[in-house]
Colleague: 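This is the structure, below, for whatever I ask next.
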Amino acid sequence: QLQLVESGGGLVQPGGSLRLSCAASRFTLDYYAIGWFRQAPGKEREWVSCISSSGGSTNYADSVKGRFTISRDNAKNTVYLQMNSLKPEDTAVYYCAAKMGPPRVAPNAYDYWGQGTRVTVSS
């Protein structure tokens with residue numbers, strides 16, 4: 001089965017930037033749409049962004065539009081989330097997820113999930 005591993009999280013000051021990566025193993029990501037989700041302490045999982053299998057379509061939650069950019073490099077079997085102008089409310093564990101067909105905002109539409117990477121925006 002497809003396996004996903006997120007990386008790139010860490011501690012950053014407000015206004016700073018991070019780039020998260022979602023790397024696939026076992027199988028190629030070429031035919032999978034990818035979603036990014038996050039879960040803050042004490043809150044439910046929230047959709048952040050998604051991208052089609054070809055990279056031709058992208059979507060963002062209102063809370064991150066203009067600050068985050070999703071992209072993919074299918075040759076590297078990796079999807080990225082560039083996070084700029086970070087705010088304390090962006091603090092969460094970030095997950096990538098994969099599904100066949102078009103991307104969706106509902107987490108239950110995705111079949112494969114990574115383990116998450118923690119992002120902390122503080123000070």
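One is the number of the first residue; the rest follow in order along the sequence.
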Colleague: Charged N to carboxylate O under 4.0 angstrom, Lys87 versus Asp90?
Modeller: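 Judged by the 4.0 Å cut-off on N to carboxylate O distance, Lys87 and Asp90 do not form a salt bridge.
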Colleague: Kindly say whether Cys96 contributes a backbone atom to a donor-acceptor pair with the side chain of Tyr110 at under 3.5 angstrom?
Modeller: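 Checking the backbone N and O of Cys96 against the side chain of Tyr110, no donor-acceptor pair under 3.5 Å is found.
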Colleague: Report the C-alpha distance between Met83 and Leu20 in whole Å, list the side-chain angles of each, state the deciding distance to 0.1 Å, and finish with yes or no for side chain to side chain contact (heavy atoms under 4.5 Å, CB included).
Modeller: CA-CA 8 Å; Met83 309 164 65; Leu20 306 184; 3.5 Å; yes
Colleague: Main chain of Gly35, side chain of Arg104: is a donor-acceptor contact present, judged purely on distance under 3.5 Å?
Modeller: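 Pair absent, no side-chain N/O of Arg104 close to backbone of Gly35.
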Colleague: Hey, quick one: are Val48 and Val12 part of the same hydrophobic cluster, counting side-chain heavy atoms closer than 4.5 Å, chains of contacts allowed?
Modeller: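 Yes, Val48 connects to Val12 through the hydrophobic network.
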Colleague: Sub-3.5 Å donor-acceptor pair from the side chain of Thr78 to the main-chain atoms of Lys76, do we have one?
Modeller: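 A pair under 3.5 Å: yes.
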Colleague: Can you check whether Leu29's main-chain N or O pairs, donor with acceptor, with Asn77's side chain at less than 3.5 Å?
Modeller: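 Flag set: sc Asn77 to bb Leu29 pair under 3.5 Å.
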Colleague: Quick one: are Val5 and Gln115 in side-chain contact, heavy atoms under 4.5 Å?
Modeller: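 Touching, per the 4.5 Å side-chain cut-off.
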Colleague: Would you please classify the geometry between the Tyr112 ring and the Tyr32 ring as parallel, tilted or perpendicular, with 30° and 60° separating the classes?
Modeller: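 Rings of Tyr32 and Tyr112: perpendicular, as their planes differ by over 60°.
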Colleague: Would you call the rings of Tyr95 and Trp113 parallel, tilted or perpendicular if under 30° counts as parallel and over 60° as perpendicular?
Modeller: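 Ring orientation, 0 to 90° scale: perpendicular.
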Colleague: So, the side chain of Thr91 versus the backbone of Val121: is there a donor-acceptor pair under 3.5 Å, distance only?
Modeller: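 At least one qualifying donor-acceptor pair exists.
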Colleague: Check for me whether Arg19 meets the cation-pi criterion with Tyr80, that is, NZ or CZ under 6.0 Å from the six-membered ring centre and within 45 degrees of the ring axis.
Modeller: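 Yes, Arg19 lies over the aromatic ring of Tyr80.
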Colleague: Do Arg38 and Ser63 have side chains that approach each other closer than 4.5 Å (heavy atoms only, starting at C-beta)?
Modeller: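 Answer yes - side chains close enough.
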Colleague: Quick one: are Pro107 and Phe37 in side-chain contact, heavy atoms under 4.5 Å?
Modeller: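 A side-chain contact under 4.5 Å exists here.
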Colleague: Verify the cluster assignment for Trp47 and Ile51: are they in a single hydrophobic cluster under the rule of side-chain heavy atoms below 4.5 Å apart?
Modeller: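 Result: no, two separate clusters.
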